[in-house]
Amino acid sequence: MGSLVTLDLPPDSPVADLPWVITIGSLGDEEDWEPVVCGPYERAHALALAQAVVADEDLLAVVEPLLPRPDADAIRDEIELARAAAEAPADPDDPGFDEEAYETRRVRPGRAPTEAEVREGWARIAARLSG
């Protein structure tokens with residue numbers, strides 16, 4: 001049985017409306033292959049597809065949001081934010097990595113979205129990104 005890791009979001013989080021990707025890799029060290037990245041999907045579709053794929057195999061699925069950026073400057077800004085966060089002095093009041101922000105769960109087979117449902121989701125993502 002596989003595992004699924006994703007952000008644990010509050011119900012009203014705007015991050016849920018972003019496009020999401022699934023990265024699937026080996027759960028253990030026995031297999032040596034490059035992870036597969038699929039997407040974009042709407043969050044519900046990404047979670048359901050990941051669950052369906054890893055439920056019966058020793059695979060790990062990570063479902064995470066994409067951060068669409070319209071140009072190189074916006075990407076550079078994100079890189080600078082990430083660098084600044086990594087270089088910032090340690091805050092003694094910061095508890096560090098917040099394991100509560102992530103949810104890891106063993107998954108059971110569920111209903112994956114149909115191809116038509118995924119394609120409808122892609123159309124909604126495209127409309128949001130181009131709007």
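What you are looking at is a predicted structure, and each value in this text was computed from that prediction instead of being measured. When a residue number appears, it is its place in the shown sequence, counting from 1.
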Decide whether [X] and [Y] are clustered together by the hydrophobic rule: side chain heavy atoms of Ile, Leu, Val, Met, Phe, Trp, Tyr closer than 4.5 Å, transitively.
{"X": "Y41", "Y": "V15", "result": "yes"}
{"X": "V21", "Y": "L47", "result": "no"}
{"X": "V36", "Y": "L59", "result": "yes"}
{"X": "L7", "Y": "I22", "result": "yes"}
{"X": "V53", "Y": "V118", "result": "yes"}

Check: Would you call E117 and R111 a salt bridge, using N to O less than 4.0 angstrom?
Finding: yes

Check: Is it the case that more than 12 heavy atoms not belonging to D32 sit under 6.0 Å from its CG atom?
Finding: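 No, CG of D32 has 12 or fewer neighbouring heavy atoms, counting only those of other groups under 6.0 Å.
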
Can you check whether [Y]'s main-chain N or O pairs, donor with acceptor, with [X]'s side chain at less than 3.5 Å?
{"X": "S13", "Y": "L9", "value": "no"}
{"X": "W122", "Y": "P40", "value": "yes"}
{"X": "W20", "Y": "L18", "value": "yes"}
{"X": "T23", "Y": "V37", "value": "no"}

Checklist line | Steps toward salt bridge (Lys or Arg N to Asp or Glu O under 4.0 Å) verdict (E115, R119) | finding: CA-CA 6 Å; E115 180 180 344; R119 289 185 183 281; 2.9 Å; yes

